[in-house]
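Down below is the structure, laid out as structure tokens.
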Amino acid sequence: MAIAEVFDKLIRTKVPLASPLAYIHSHATIVALSEPLAISGAFAKQELRTFAKHASLADGINLATARALHATLLTADKDFTGVNGAVVV
């Protein structure tokens, strides 16, 4: 989901795509969306809605993925302000 969101932004701003993809692969863990993770994402979305009423399913899946990996989600999305396991940069 996060890769899709990054590339959506890059395409809209007409940034060449090869370099960002290489950077993502060298600095991130790519996780397949499994059934349990998808369900956890739906629950996380509902949790996020207590902080931001427009939180998306993609936001929930990203948060659930970070939590499943015992990682901190770094984001520029202010909807994550105050959310356990997320840091807004």
Side-chain angles (χ1 to χ4, degrees):
M1 298 297 295
I3 290 175
E5 290 181 338
V6 167
F7 274 80
D8 177 58
K9 174 76 172 183
L10 295 175
I11 291 165
R12 283 185 283 124
T13 57
K14 300 186 183 340
V15 172
L17 303 180
S19 293
L21 186 57
Y23 183 85
I24 289 168
H25 279 285
S26 67
H27 290 84
T29 301
I30 308 301
V31 179
L33 181 59
S34 64
E35 183 177 304
L37 195 51
I39 294 167
S40 294
F43 280 101
K45 173 192 167 189
Q46 295 309 310
E47 176 191 345
L48 286 170
R49 290 275 174 105
T50 65
F51 293 90
K53 68 178 186 171
H54 299 294
S56 68
L57 184 55
D59 291 337
I61 291 170
N62 288 334
L63 180 60
T65 301
R67 287 177 174 171
L69 296 173
H70 305 286
T72 300
L73 177 64
L74 299 178
T75 180
D77 188 338
K78 291 181 176 39
D79 288 347
F80 286 89
T81 301
V83 174
N84 184 34
V87 172
V88 179
V89 293

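Each residue takes its place number in the sequence, starting with 1.
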How far apart are the closest heavy atoms of [X] and [Y], and which atoms are they?
{"X": "Ala44", "Y": "Leu63", "answer": "CB-CD2, 4.3 Å"}
{"X": "Ala55", "Y": "Leu48", "answer": "CB-CB, 3.6 Å"}
{"X": "Glu47", "Y": "Arg67", "answer": "OE1-NH1, 2.7 Å"}
{"X": "Thr72", "Y": "Ala66", "answer": "C-CB, 4.4 Å"}
{"X": "Gly82", "Y": "Phe51", "answer": "O-CE2, 3.4 Å"}

* Under a single-linkage definition using a 4.5 Å side-chain heavy-atom cutoff for Ile, Leu, Val, Met, Phe, Trp and Tyr, are Leu57 and Phe43 assigned to the same hydrophobic cluster? -> no
* **side chain to side chain contact (heavy atoms under 4.5 Å, CB included) evaluation trace for Phe7 with Ile24** => CA-CA 11 Å; Phe7 274 80; Ile24 289 168; 3.9 Å; yes
* Leu74: which other cluster members, linking ILVMFWY side chains closer than 4.5 Å, directly or transitively? -> Val87, Val89
* From Thr65 OG1 over to Leu37 CG, what is the distance, rounded to the nearest 0.5 angstrom? -> 4.0 Å
* Which value, rounded to the nearest 0.5 Å, describes the distance between Ile3 atom CD1 and Ile30 atom CD1? -> 3.5 Å
* Please collect all salt bridge (charged side-chain N to carboxylate O under 4.0 Å, His left out) contacts where either partner lies in residues 72-84, sequence neighbours excluded, each pair once. => none
* To do: Any salt bridge (charged side-chain N to carboxylate O under 4.0 Å, His left out) involving residues 52-65? Give me the pairs, sequence neighbours left out, ordered by first then second residue.
  => none
* To do: Count the heavy atoms of every other residue, nucleotide or ligand shown that sit under 6.0 Å from CG of Asn84, and state whether that count exceeds 12.
  => no
